[in-house]
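Take a look at the structure below.
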Amino acid sequence: QVKLVESGGGLVQAGGSLRLSCGASGRSFMTYFMGWFRQVPGKDSEFVASITRDGRSIDYADSVKGRFTISRDNAENTVYLQMNSLKPEDTAVYHCVADRAPINYALRGSFDSWGQGTQVTVSS
């Protein structure tokens, strides 16, 4: 497993933007598939985005396509989530996730490393 620490959450008005960052410990960051999930109290975690080790293959949930962008910097051991045109329904705790060989990027059980999460609140 790898230790993950998220930052960048906060309160923003609808239509605004935020950039989340996730720093990973260790020297093997580039061997990990990375992703973001989000969770609202009382609901299951929801897949947001994923990115392969080299950054060449990216997937998004339909609900964020065209608004969110995932990227990674392997030299800095960091993955990012740029969130634009935010909506109130994007309000959630956002978790960074990592795994060396996830079976299904959209399933939370595929990732064995999770960060503690960062709160994103979008006001209407």
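Residue numbers count from 1 along this sequence.
- The ring-ring contact (aromatic ring centres under 6.0 Å, His included) analysis of residues 102-124, with sequence neighbours excluded, yields the pairs Phe33-Tyr105, Phe37-Phe111, Phe37-Trp114, His95-Trp114.
- Applying the salt bridge (charged side-chain N to carboxylate O under 4.0 Å, His left out) test to pairs two or more places apart or on separate chains, those with a residue in residues 39-53 are Arg38-Glu46.
- Checked against side-chain contact (heavy atoms from CB on, under 4.5 Å), Asp62 has the following partners two or more places apart in sequence or in another chain: Lys65.
- The stretch residues 47-89 participates, sequence neighbours left out, in no disulfide bond (SG atoms under 2.5 Å apart) pair at all.
- Through ILVMFWY side-chain contacts below 4.5 Å, Met30 is grouped with nothing and stands alone.
- Of the inter-residue distances, the one linking Asp90 atom CG with Ser85 atom OG reads 9.5 Å to the nearest 0.5 angstrom.
- The hydrophobic cluster around Val64 extends to Val2, Leu4, Val12, Leu18, Leu20, Phe29, Tyr32, Met34, Trp36, Val48, Ile51, Ile58, Tyr60, Phe68, Ile70, Val79, Leu81, Met83, Leu86, Tyr94, Val120, Val122, counting ILVMFWY residues whose side-chain heavy atoms fall within less than 4.5 Å of a member.
- Without hydrogens or angle criteria, Ser124 side chain to Pro88 main chain gives no donor-acceptor distance under 3.5 Å.
- With hydrogens and angles ignored, the 3.5 Å screen pairs a side-chain donor or acceptor of Glu6 with a backbone N or O of Gln116.
- A disulfide bond (SG atoms under 2.5 Å apart) check over residues 35-124, counting only residues at least two apart or in different chains, returns the pairs Cys22-Cys96.
- Applying the side-chain contact (heavy atoms from CB on, under 4.5 Å) rule to Glu76 yields the partners Asp73, Thr78; only residues at least two apart in sequence or on another chain are considered.
- By the side-chain hydrogen bond (donor to acceptor under 3.5 Å, both in side chains) test, Gln119 pairs with Thr121, sequence neighbours left out.
- Scored by the side-chain hydrogen bond (donor to acceptor under 3.5 Å, both in side chains) test, Ser28 finds Arg100 as partners (sequence neighbours excluded).
- The stretch residues 8-23 participates, sequence neighbours left out, in these side chain to side chain donor-acceptor pair (under 3.5 Å) pairs: Ser17-Asn84.
- The backbone N or O of Pro102 sits nowhere less than 3.5 Å from a side-chain atom of Ser110 that would complete a donor-acceptor pair.
- Sorted by first and then second residue, the disulfide bond (SG atoms under 2.5 Å apart) pairs with a member in residues 27-90 form an empty list; sequence neighbours excluded.
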